[in-house]
Structures are given as C-alpha cells and as structure tokens.
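These notes concern the structure reproduced below.
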Amino acid sequence: MNDKGYALVQGNEACVEGALAAGMRFFAGYPITPSTEIAEISSQKLPKLGGKFIQMEDELASMAAIIGASLAGIKSMTATSGPGFSLMQENIGYAAITEVPCVIVNVQRGGPSTGLPTSPAQGDVMQAKWGTHGDHPAIALTPNSVQETFEYTVKAFNLAEKYRTPVILLMDEIVGHMREKMAFKNISEIEIINRKKPACKPEDYVAYKPDKDMIPPMASFGEGYRYHVTGLTHDETGFPTNSNEVSEKLIKRIVDKVEKNIDDFSYFEEYKLEDAEIVIIAYGGVSRSAKSAVDELRKQNIKAGLFRPITIWPLLEKQINKVSLHAKEIYVAEMNLGQYSLEVERAACKNCRVKKINKVNGELITPEEIIEAIGGNYEL
Amino acid sequence: MNCSEITNQYYRVNRLPHIWCAGCGHGTLTNTVVRAIDKLKLNKDEVVIVSGIGCSSRAPGYLDFNTLHTTHGRALAFATGIKLANPKLHVIVIMGDGDSSAIGGNHLIHAARRNIDITTIVFNNNIYGMTGGQFSPTTPYGDLATTAAYGNIDKPFDLCSLAQGAGATYVGRATAYHALLMQKLIEKGIQNKGFSFIEGLSLCPTYYGRKNKKGNPFKMHSFFKEYCIDKKLVDKDPEKGINKILIGEFYNNPQPEYIESYQVIIDMLQG
C-alpha cells in the first residue's frame with residue numbers, strides 16, 4: 001500500500017481483505033482453480049488476527065465446517081469454483097433452512113464438470129439460484145472490479161448476518177485474477193452488520209420464532225441458549241414437524257425474508273441510460289467490455305447504454321422492467337448460453353425485444369463482439 | 001442419579017417418546033452418552049451433540065444440550081467447524097454405521113487424521129434402518145438386506161480398525177448390552193484430548209434382525225452377551241478370541257491435538 005492508501009491488488013486478494021474487514025475469523029476450503037488464492041491468503045492472514053483457517057477434505061466438508069463455525073458465533077466463509085460449488089449445494093440448502101449466516105465465494109470457470117479450469121465463464125448463474133434442491137432464498141452479488149470485490153464481500157457478510165442466510169459472491173475468473181488499483185478504506189468507516197442476538201432469557205428462547213422482520217434472533221452454541229438445529233422442516237421451536245401448515249409457513253418465511261426486502265440490497269449501475277435506445281445488460285467481467293462497447297457505439301451516434309446488475313439474485317425485476325419501458329432493444333451479454341437473458345426477458349414483459357450475446361469458449365466477450373452483435377462498426 | 005433423575009436433568013422430556021422401534025439398541029446407547037456426560041459433570045451449556053442422518057442421528061433431538069442434526073454423513077465436518085470456532089465446547093458426534101463409514105467415510109478418516117478433539121460415537125446396527133433395511137458397510141458378508149436379496153457380497157468394515165488406522169488416538173468398542181463398559185469408554189473418550197472413536201454395537205430387530213432371523217430383541221441382546229469378549233482377556237489368551245467379537249479399550253495413545261497445534265501458530269504470530 002502507498003501512503004495515499006492505494007495498492008495494486010488481485011481480485012481474489014481483495015475478497016479476503018473485504019472478508020477480514022467484515023469480521024471473517026474462520027475460513028474452510030479446498031484447493032480449486034481459479035479461487036485458490038482466497039484460501040491461501042486466508043490461511044496466511046487469519047491466524048495473525050486470532051482467526052482460523054482449515055483445509056478440509058472436500059467442498060462438502062468445507063461448507064459444513066463454515067456452518068458449524070457460524071453456529072458457534074464466528075463469521076465464516078468458503079471459496080470455490082464450479083466443481084466445488086456443485087459439491088457445496090447440499091449444505092448451502094442446509095444453511096438456508098437452518099438460517100445460518102455464511103458467505104460462499106464462487107470464482108466461476110468454464111464448465112460443466114472439470115471444464116476449463118483456468119478460463120473464465122459465467123455458467124453458474126442459475127446454479128447460484130437453484131443449485132440446491134427445494135425452494136429456498138438466494139442472495140448472489142457479482143462484482144466487476146477489484147475495488148468492488150472488496151466492497152461487495154463486506155456487503156455479502158452484512159447481508160448474511162442481517163438476513164440469516166447463505167450469501168453467494170458470484171465472481172468470475174476475470175475479476176478474481178485481475179490486478180487493479182484498490183483503495184484500502186479505513187476499516188472504522190465501513191458499515192459492519194452483526195447478527196441479531198436474543199434479548200430474552202435462555203428459558204424463554206424460541207430458536208426459530210421470527211420477529212416482525214421475519215428473522216429470528218440467533219444465539220451461538222455455548223452461550224447458554226441450548227437449542228436444536230435440524231435440516232428437517234421444523235416449527236418455531238426448531239424441532240421437526242410433519243405439519244403441512246407449519247412447513248409451508250417456514251418455507252415461505254425464509255424466502256420472503258429475502259425477496260420482500262430486495263429494495264434493501266438492490267445494487268446496480270446505470271451507464272448512459274438516460275436516452276438509451278439500445279441497452280446492454282451485462283455483469284461481472286463482461287460488463288467491462290459492455291461499457292467500452294457503449295462508449296464506442298455512442299461515438300457512432302448509436303444511443304447505447306448499460307444496465308449492470310450487481311445484485312444478480314434475487315432478480316432486479318423492477319429495475320429491469322423500467323429499463324425495458326424505455327429501450328427499443330436489450331442485449332444481454334454473458335459468458336454462458338443465455339442463463340440471465342431468460343430472466344431479463346421475463347422481467348421485460350415483452351416491452352421490448354431481448355437479444356442474447358453469448359460465448360462459452362473460455363474467452364471474455366470483447367467490446368468488438370458486442371458492437372458487432374448490435375450492428376455498429378468497430379475499428380478499434 | 002437414578003433413571004428419572006437422569007431423564008429430567010438431561011433429556012428434553014417434552015420431545016419424548018422417541019421414534020425408535022421397540023427393542024432397538026439406540027435408546028440404551030444414547031443413555032450411555034448421557035451418563036458419561038453426567039459422570040464427568042460437564043456443563044450442559046458447553047456440550048454440543050452433533051449428528052448426521054439416520055436412526056442414530058435422531059438422538060440429539062431428545063437431549064438437552066446444544067444439538068445439531070446435520071446432513072447425511074457430514075456431522076464430523078460440521079463438528080470440526082464448531083470445535084475450531086469455540087474450543088471450549090465439548091463436541092460429541094453421534095452417527096450410524098452407514099452415516100459414518102459410507103457417505104461420511106471421508107470425513108471420518110480426515111477428522112481422525114487431524115486428531116481434532118471430538119468424541120465420535122457410532123451406533124452400529126449393521127443396516128440402514130431409517131430407509132427400511134438396506135445393507136450398510138458393516139452388514140456381515142452373506143447377510144440379507146432389502147438391497148442384498150441374495151446375500152451381501154460387500155465385505156464389512158471393522159470401524160475401530162478404520163478409525164485407528166486413520167489416526168484416532170482413543171478407540172474402543174462396546175455394545176447395547178455392555179452399557180456400563182460403553183459409558184466408561186465414552187467417559188475416557190471425552191477425556192482424551194484428541195480424536196476419540198467409540199463404536200457401540202446396536203441392534204435392529206425390525207429390519208436386520210427380522211431379515212436375518214436373529215430372533216427377538218432379547219435374543220439379539222443375548223448374542224452380544226455370548227459372543228463378545230474383552231480385548232484384555234484375549235490379549236492374555238488369544239484362543240479365547242476365536243469367533244468372538246472384541247470389545248473394550250483398543251487404543252489409548254494421546255498425541256498432539258489439532259487445535260492446540262494451531263493455537264501455537266496463532267500465539268507465535270501474535271507474539
């Protein structure tokens with residue numbers, strides 16, 4: 001870091017810095033490209049702060065360990081890529097139904113299966129929402145720069161703590177491995193949210209009884225509130241139930257506590273949208289190409305703009321719908337075969353045409369490719 | 001303490017009766033865990049009982065501690081996170097045979113290898129009971145199960161040897177019949193600063209017993225009485241061990257514990 005508080009930092013490194021600033025003191029992970037630096041740097045930095053790192057035997061165990069640590073009151077994170085993300089799905093569902101705050105970082109690479117381990121992709125967008133079985137809440141944030149990776153890792157922890165739910169930081173290899181200037185903010189200036197604790201006596205504690213905000217206060221194991229946690233559908237006491245009524249109430253509550261509060265964490269960027277007739281929607285690494293494409297198209301007198309969701313789940317339906325009311329055409333550019341574009345189409349309600357710009361060969365979609373798809377000229 | 005005092009002190013009485021079948025060994029084994037905790041006078045607020053999925057794994061729900069009923073096979077991985085996050089907690093894991101050694105086999109060997117201070121207790125009834133009687137990694141060769149209609153051709157694990165080979169520093173076996181021995185082994189396992197593994201042979205009269213014509217629960221308990229012999233006796237006279245099941249303390253060899261080793265690094269870095 002220089003004396004003005006800036007440093008040249010890698011995306012994965014910024015993720016660890018953000019996590020530590022947010023209060024992460026436990027990391028469990030398993031080596032996997034292109035996320036491994038997050039584990040490596042965590043292993044170096046955590047013990048210096050009195051925190052702990054553990055390299056588990058696989059990603060199933062990594063996800064289980066961070067849930068365990070969080071139940072014992074420590075802010076916890078794991079990081080992985082596609083194959084490991086698939087293994088984590090089982091216990092991501094467990095964290096969702098047991099309402100245990102934790103952060104899962106997925107630095108996306110080419111898939112399916114082992115795929116293209118060192119190349120970027122955005123093929124896990126749907127998995128971030130629907131990867132684990134059953135209906136469940138999903139919050140996923142997708143930064144597009146090193147600075148944002150720092151800031152949104154902090155936000156991921158804050159949202160996990162506030163809403164008692166697993167939060168996914170959906171990065172891609174481009175953002176994870178790029179190096180950029182990053183401002184190290186004074187940690188005291190960063191807003192940190194901690195989980196709500198019970199105010200009642202242990203004997204009055206009903207572990208899964210929500211407050212009016214739909215979120216139950218959370219005691220840590222060892223604090224004297226002896227309660228039961230299960231992945232079975234449970235009632236407000238935390239014990240299993242076969243009641244249809246209680247089951248439906250639980251699932252609706254854990255989904256609603258996130259989806260009905262979407263305005264609290266609708267993060268996005270609008271770029272030259274005011275008079276835009278052609279709107280590009282892109283996120284993560286691709287959004288950087290999209291921004292360049294917008295600038296170039298503007299030079300050619302094409303009224304182009306960019307809408308960049310940072311909150312990728314839940315879908316920013318309101319914002320995308322608004323964009324669709326003013327646009328003639330929306331182009332969704334993503335490094336997959338159109339996972340997000342279908343969601344955009346749904347939110348656009350046929351107000352305008354939604355077209356796709358896709359690439360799954362392990363390369364970033366370039367500004368030229370976006371310009372060409374839109375029908376502009378490119379001589380860069 | 002007598003039975004009702006134990007029940008009132010350590011069980012969530014409002015969660016009873018339990019779901020186990022009549023004659024199942026799991027209730028007796030659960031009680032050995034509770035009595036060991038009572039004997040050691042552990043603070044209930046500092047005890048965490050973690051389980052996976054299956055008949056055995058319903059035990060924590062009935063017990064008045066911090067209790068965590070996790071996903072199938074993963075109990076030890078959850079327990080590892082809890083123990084690292086708060087080493088003051090006494091972390092006890094209850095699993096079944098399939099839970100611990102099929103779907104959770106990898107977590108078992110790695111938790112043992114690290115010698116993390118967790119006491120693992122396996123209720124081994126040689127069958128997947130909750131799903132209706134499929135063969136498990138401890139179903140004896142040739143025995144019948146709903147998925148081994150013509151006799152099981154999988155060879156069974158010796159769970160204690162597996163745990164010891166993987167690095168557990170305290171290992172023992174008892175049965176639902178040998179409840180006092182089981183309690184003693186659990187006490188010593190909890191006291192061992194490291195990974196302890198105690199196998200409790202249980203019985204499933206409903207599926208394993210019925211399928212293999214093992215008789216009623218009384219007969220199945222009597223089998224343990226007749227065919228189990230303490231390792232100490234066999235050490236003196238190996239012939240006594242022929243065609244018998246060994247029980248007792250198998251291994252007690254304290255080694256540096258995982259979290260203590262980690263704490264040395266933290267202390268060094270924090271100066």
Side-chain angles (χ1 to χ4, degrees), chain A residues 25-28 43-76 78 90-95 97-98 100 102 202 207 219-232 234 237-240, chain B residues 12 14-15 19 43-51 53 57-58 60-91 103-104 106-111 113-114 116 258-259 262-263 265-271:
Chain A
R25 289 298 178 271
F26 182 77
F27 182 100
S43 79
Q44 291 152 19
K45 297 209 164 183
L46 275 169
K48 291 181 186 169
L49 298 166
K52 292 191 183 104
F53 163 90
I54 186 167
Q55 185 168 308
M56 295 299 285
E57 51 272 20
D58 56 32
E59 288 89 346
L60 296 155
S62 305
M63 192 60 219
I66 67 165
I67 296 170
S70 185
L71 277 165
I74 306 290
K75 289 188 186 178
S76 305
T78 186
E90 176 190 50
N91 286 330
I92 290 175
Y94 186 88
I97 197 170
T98 57
V100 177
C102 54
S220 301
F221 280 179
E223 288 180 335
Y225 296 78
R226 297 186 304 274
Y227 66 105
H228 188 57
V229 179
T230 178
L232 284 164
H234 44 266
T237 65
F239 288 95
Chain B
R12 288 167 172 150
N14 63 347
R15 305 308 309 172
I19 62 158
N43 179 345
K44 288 204 292 188
D45 291 337
E46 292 176 357
V47 173
V48 183
I49 315 253
V50 186
S51 68
I53 293 292
S57 294
R58 289 304 186 95
Y62 307 121
L63 304 177
D64 185 20
F65 304 103
N66 305 281
T67 55
L68 183 64
H69 178 226
T70 71
T71 44
H72 198 16
R74 321 285 172 225
L76 277 167
F78 281 85
T80 298
I82 294 168
K83 186 71 186 177
L84 275 159
N86 185 354
K88 274 188 233 155
L89 299 173
H90 301 281
V91 181
I103 193 166
N106 200 32
H107 309 307
L108 171 63
I109 60 174
H110 286 278
R113 176 177 64 83
R114 291 184 194 106
I116 187 166
Y258 183 78
I259 298 174
Y262 201 106
Q263 194 59 46
I265 293 172
I266 292 174
D267 293 344
M268 178 190 76
L269 289 170
Q270 294 196 318

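First the proteins, then the strands, lettered A, B, ... as listed; each starts at 1.
- With contacts defined as side-chain heavy-atom distances shorter than 4.5 Å, the pair Ser62(A)/Gln55(A) does not qualify.
- Counting heavy-atom pairs closer than 4.5 Å to chain A, the top residue among Ile266(B), Asp267(B), Asn43(B) is Ile266(B).
- Heavy-atom pairs under 4.5 Å with chain A were tallied for Lys88(B), His107(B), His110(B); the largest tally goes to His107(B).
- Contacts of Leu89(B) with chain A are made by side-chain atoms alone, with heavy-atom separations under 4.5 Å and no backbone atom involved.
- Thr80(B) touches chain A through its side chain: at least one heavy atom from C-beta onward sits under 4.5 Å away, while N, CA, C and O do not.
- Contact annotation for Lys44(B): both backbone and side-chain heavy atoms come within less than 4.5 Å of a heavy atom of chain A.
- Across every non-hydrogen atom of Ile53(B) and Thr70(B), the tightest pair is CD1-O, 3.2 Å.
- Contact annotation for Ile259(B): only side-chain heavy atoms (C-beta onward) come within less than 4.5 Å of a heavy atom of chain A.
- Residue Leu269(B) touches chain A through its side chain alone, counting heavy-atom pairs closer than 4.5 Å.
- Of the listed residues Asp58(A), Leu49(A), Leu46(A), Ile54(A), the one with more heavy-atom pairs under 4.5 angstrom with chain B than any other is Ile54(A).
- A donor-acceptor contact closer than 3.5 angstrom is absent between the side chains of Arg58(B) and Ser51(B).
- For the options Leu71(A), Ile67(A), Asn91(A), heavy-atom pairs under 4.5 Å to chain B are most numerous at Asn91(A).
- Proximity of a side-chain donor or acceptor of Ser76(A) to a complementary backbone N or O of Ile74(A) within less than 3.5 Å is detected.
- Looking only at distances, a side-chain donor or acceptor of Glu223(A) sits under 3.5 Å from a matching main-chain atom of Ser220(A).
- In this pair, Phe221(A) and Tyr227(A) present their aromatic rings perpendicular. The plane angle is above 60°, beyond the 30 to 60° band.
- For a residue to count as touching a neighbouring chain, one of its non-hydrogen atoms must lie under 4.5 Å from one of that chain's; by this rule Ile66(A) does not touch chain B.
- Proximity to chain A is limited to the side chain of Arg15(B), based on heavy atoms less than 4.5 angstrom apart.
- Contact of Tyr225(A) with chain B is made through the backbone alone, with heavy-atom distances under 4.5 Å.
- Across Ile109(B), Val48(B), Ile49(B), Thr71(B), the residue that shares the most heavy-atom pairs under 4.5 angstrom with chain A is Thr71(B).
- Taking the six-membered ring for Trp and thresholds of 30 and 60 degrees, His228(A) and His69(B) have nearly parallel ring planes, at less than 30 degrees apart.
- Between the Asn66(B) side chain and the Val47(B) main chain, a donor and an acceptor come within less than 3.5 Å of each other.
- Counting only distance, with no hydrogens or angles, the side chain of Tyr262(B) and the backbone of Phe53(A) share a donor-acceptor pair below 3.5 Å.
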